[in-house]
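Predicted, not measured: the structure shown is a model, and the values here were computed from it.
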Amino acid sequence: MNDFVIDGEINETKFKNVILHTNNTQDTVKIVNGKFRFKGEVFHPMYAEIKLIGDEKYFPIFLESGNLKLKLDSENLEKSVLKNSKSNKEYNKVRALREDDTLNTKLIEYVFNHPDSYVSAYYSYIISSKISLDSTQILYNNFTQRIKECHNGKWLKESLNKRHNTQIGIKIPDFNLIDFKRDSIVYSELKHKKIILFDYWASWCVPCIKSLPHLKKIQEKYADKGLEIIAVSYLDFNRKQWLSAIEKYEIKAFNNVAAQFMNGKIENDFFEKNFYHNGIPFIMLVDKKGEIAGLWNEYSQENEDSMDRVLKELFNE
């Protein structure tokens, strides 16, 4: 761990507190006579955010060890300046590259040409969902060992593992899930007997709700033929809201399980440990052999039609 100090000043005194947010932690300090100070430790240069309490906006920075100077512009946080951080200079340079780089071409080139950069590691993780699995793997393989071992390097590796697991033809691992009634759903009891449809959704997700009528039709058509639908609540606000949504949308016939709630409570970690999805709704179909037979992200009529075709093939219609 390496020490850092941020000595900050602000051009307005109406704000009383300022927050430094890094990864899953945050530090709040008081502003006294337009000045404030953060002190802490970092393993390596990393992305962070500065936020004034009472203002919805934030100022992104790249934090590193040393004595850093921060001048906050309360009227326009984007005009704020952080000094004495080489990583932050690099971060601002790369941010500028992205302004007209809609296809991420310049960014990919930068990351590939700077394999020993913590800023490259951060951006590779950010854009990984927007580029192919092969391209992401190439960027990761090109990193130096220390970058692979930093926070973003580890996150990228984890994301790659999940993406490799979430492909047509890949066998899913065993699972033992706890449903909304606190009963167990054990994969060994379903494998070779049932075709399983996993539906990642949330009660606040409008496209997810739009997809439910089609899923209920599928349930009615194929339940007696061996289809099991496992509806996976992903980041609902809390258990009470989730259970209320099950009643409201009349999906008790599904196997309802929760992955994780917004308060951080994890009910079933099987999904987040093993599979990759870029938003919800996300539907994954698994055949009786345990192999992934279909993947659909987001709601659309085209996705519903494609799902119907795959189901007809699996049930030999």
- Would Glu228 and Asn255 count as having a side-chain donor-acceptor pair, cut-off 3.5 Å? yes
- Under 3.5 Å, is there a donor-acceptor pair between the Asp308 and His214 side chains? yes
- Counting N and O atoms only, with roles assigned by atom type, does the side chain of Asn142 sit under 3.5 Å from a partner on the main chain of Phe112, one being a donor and the other an acceptor? yes
- Query: In terms of side-chain heavy atoms, does Tyr58 have a donor or acceptor partner in Glu56 at a distance below 3.5 Å?
  - Reply: no
- Are Phe261 and Leu235 side-chain neighbours, meaning at least one heavy-atom pair lies under 4.5 Å? no
- Message: Tell me if the aromatic rings of His277 and Tyr234 count as close, with their centers under 6.0 Å from one another.
- Response: yes
- Message: Between the side chains of Glu158 and Lys162, is the shortest nitrogen-to-carboxylate-oxygen separation below 4.0 Å, so that they form an ion pair?
- Response: yes
- Please check if any side-chain donor atom of Ser306 sits under 3.5 Å from a side-chain acceptor atom of Asn303, or the reverse. no
- Glu250/Lys252 salt bridge by N-O under 4.0 Å criterion: no
- Using the rule that two of Ile, Leu, Val, Met, Phe, Trp, Tyr join whenever any of their side-chain heavy atoms come within less than 4.5 Å, decide whether Leu160 and Leu139 are in one cluster. yes
- Item | Exercise: do Asp3 and Ser65 side chains pair donor with acceptor under 3.5 Å | no
- Item | Between Asp236 and Ser203: side-chain donor-acceptor atoms closer than 3.5 Å | yes
- Message: Is a donor from one side chain sitting under 3.5 angstrom from an acceptor on the other, for Gln137 and His164?
- Response: yes
- Charged tip of Lys148 within 45° of Tyr140 ring normal and under 6.0 Å: yes
